[in-house]
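Just so you know, these numbers come straight off a predicted model, no measurement behind them. Chain naming here is simple, since letters A, B, ... match the order of the sequence lines and numbering starts at 1 in each.
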Amino acid sequence: MLKIVNTEWKLFLREPSAVVFAVLFPTILLLVLGAIPALRTPDPTFGNLRFIDAYVSTLVVIALAFLGLNKLPATVATYREKGVLRRFSTTPVHPARLLIAQVVVNLLAGVISIVLLMLVGRLVFDIDLPHHPLGFLATCLLGMLSLSALGLLVAAWAPNARSAGGWSTVAFMLVMFFGGAYLPRFLMPEFLIRVGEYLPPGVGALQESWLGIAPDPVQLAVLALITLAAGTVAAKSFRWE
Amino acid sequence: MAIIEVVDLVKRYDQKVAVDGVSFAVDEGEIFGILGPNGAGKTTTVECVEGLRSPDGGTIRVDGLDPQRDRARLRTRLGVQLQQSELPDRIRVGEALDLYASFYRDPADWRELLARLGLADRAKTEYRKLSGGQKQRVSIALALIGKPKVAVLDELTTGLDPQARRDTWSLVEQIRDAGVTVVLVTHFMEEAERLCDRIALIDAGRLVAVDSPAGLVSRVDGEQRVRFRPTTPFDVVLLEELPEVSQVEKHGPQLVVTGTGNLLHAVTSVLARNQIVAADLRVEQADLDDAFIRLTGRALTE
Ligand SMILES: Nc1ncnc2c1ncn2[C@@H]1O[C@H](COP(=O)(O)OP(=O)(O)O)[C@@H](O)[C@H]1O
Ligand SMILES: [Mg+2]
């Protein structure tokens, strides 16, 4: 299993677009936004926080959403289409291991992306590290897993790699929207903010644990539930060819 | 000794019957061909043997194992090259072999295997940069990495240029010489005739015949074809009247005369008597294509 993960990790690193978008892009966006003076000036309407303080959790959403909803279904659907999964079924190793390896690779990439974001945020813009590290870690993990489960569901149901790409783009856009990537969350109507809190990867819980308090256990439980439900359905309905 | 036994295999896709009561036995150490036109059910048949599809009827034994019930043990004894299966674009050849070797308890030495397949200098090359023939050889390497007793190779040379095809053929012979039983699925008559010890002819899901290439051809033995281009038009009834001639066909400017006995002599005498010159005259012996036409009533290759 380690060897599969190792190989898939190497393949991930050789895909320049994936590395740039998942690992570097959130940090680059932070640097760009942070270069705008207005966005790094404390705002009283905002509890004297700066825009970038609140926006880092959205940057985490971007990284996780890309990995779980873009990279994962695209890779899995391509592997199915090219017969990589079928070739696995002719060996003593079940092709499910290849899917698990994908999720592990995504977790690894997510961790690196977020650590980089935290470091640059701290060193360049003096953004605090998450105040509630344990809650933050738990949310990140559940967020990543719930998105991966949804990504696998897309891969399971899409007839081919192209439609997998289409469906996952829609899901990706939705998650990005509710995660505040297009419209900062504080500008959203109350209702949309609430929806975003329960939608993977739990932008509300990310923000709370970063800015100070423990994440709402109900939100975490919803994430866990989504992971379980989507994961089970994906596993049950997955086509290997 | 039979290492693969298939008895009355039936496989349906929804309503469509893809394999309809096929039976054959493969002996240890031979190259066994499964030959038939596209859509005949060859791939479906071997996928049932590989345990990738569950049959709707019949029994299969591979080295004494039931491919459905003993999947795990079957996987260690059977090497498979699927008709359509690629690797991730950016994986290096050596990485792929090293990875697949790790799936088996007692794998072959993959460096040696690569060398044997003429890929020693490609170990660090990414899969997407390989030529078609090299990709096929990687596929063969992956089928052999677990030191199987039986290797199933499906449409090994489809899409390869003639040189790469011939190179691949000699590899298949090497595999057999190393003691591995080979099941070779193909729709190329020439490939089956050249490589196989015995051939199962399959058409429209049914088994037509199992025999050696020579045995199959001998079923239409004595049959010959004379092909030529008459320089002046004439009435083909002159030829059809001959007792040696069974059929006269027009292919554009060419005439193809099929028959038995001393066909050539009979035909040329008639032509000489009528002062017709036959240009591009050729005589052809019956081959597997003819055997297939005789046995099924249609051509193997269109
Ligand atoms: N997965 C499938 N679903 C439905 N029909 C199939 C499937 N695979 C093959 N067939 C049909 O079954 C028949 C036999 O196919 P196949 O075994 O691939 O033939 P061959 O390998 O001899 O070309 C064909 O008519 C083909 O269209
Ligand atoms: Mg086929």
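- The candidate with the highest count of non-hydrogen atom pairs below 4.5 Å against chain B, out of Lys3(A), Arg14(A), Lys82(A), Arg97(A), is Arg14(A).
- For the set Pro88(B), Gly79(B), Ala96(B), Ala72(B), the count of heavy-atom pairs under 4.5 angstrom toward chain A peaks at Pro88(B).
- Within a 6.0 Å radius of CG in Leu2(A), other residues, nucleotides and ligands contribute 12 heavy atoms or fewer.
- Counting heavy-atom pairs closer than 4.5 Å to chain A, the top-ranked of the candidates Arg105(B), Glu126(B), Arg53(B), Arg73(B) is Arg53(B).
- Of the two parts of Thr90(A), the backbone and the side chain both hold a non-hydrogen atom closer than 4.5 Å to a non-hydrogen atom of chain B.
- Glu241(A) has its side chain out of reach of Gln84(B): every pair of non-hydrogen atoms, C-beta onward, lies at least 4.5 Å apart.
- The choice from Leu74(B), Leu99(B), Asp89(B) that makes the most heavy-atom pairs within less than 4.5 Å of chain A is Leu99(B).
- Leu87(B) touches chain A through backbone and side chain together, each having a heavy atom under 4.5 Å away.
- Atoms CG and CD, on Asn6(A) and Glu95(B) in that order, are 8.5 Å from each other to the nearest 0.5 Å.
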The test is side-chain hydrogen bond (donor to acceptor under 3.5 Å, both in side chains); show your working for Arg75(B) and Ser89(A) and say whether it passes.
CA-CA 9 Å; Arg75(B) 300 265 175 278; Ser89(A) 351; over 6 Å; no
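- Ionic pairing of Glu86(B) and Arg86(A) is not present here: no N-O contact between side-chain nitrogen and carboxylate oxygen is shorter than 4.0 angstrom.
- Between chain A and the options Leu78(B), Thr76(B), Asp98(B), the largest number of non-hydrogen pairs under 4.5 Å is found for Asp98(B).
- Around CZ of Arg111(B), the count of heavy atoms belonging to other residues, nucleotides or ligands within 6.0 Å does not exceed 12.
- No more than 12 heavy atoms of other residues, nucleotides or ligands shown are found within 6.0 angstrom of CZ on Arg206(B).
- When all heavy atoms are compared, the tightest approach of Gly83(A) to Ser85(B) is O-OG, 2.9 Å.
- Contacts of Gln83(B) with chain A are absent, with no heavy-atom separation under 4.5 Å from either backbone or side chain.
- Neither the backbone nor the side chain of Glu81(A) comes within less than 4.5 Å of any heavy atom in chain B.
- Within a 6.0 Å sphere centred on CH2 of Trp167(A), other residues, nucleotides and ligands contribute more than 12 heavy atoms.
- When the shell of 6.0 Å around CG of Leu134(A) is examined, it contains 12 or fewer heavy atoms from other residues, nucleotides or ligands.
- Within 6.0 Å of CZ on Arg128(B) lie more than 12 heavy atoms contributed by other residues, nucleotides or ligands.
- Formation of a donor-acceptor pair under 3.5 Å by the Arg90(B) side chain with backbone atoms of Phe12(A) is not found in this model.
- Using a 4.5 Å heavy-atom threshold, the side chains of Val93(A) and Tyr100(B) count as separate.
- In terms of heavy-atom proximity, Pro92(A) sits nearest to Phe103(B) at CG-O, 3.6 Å.
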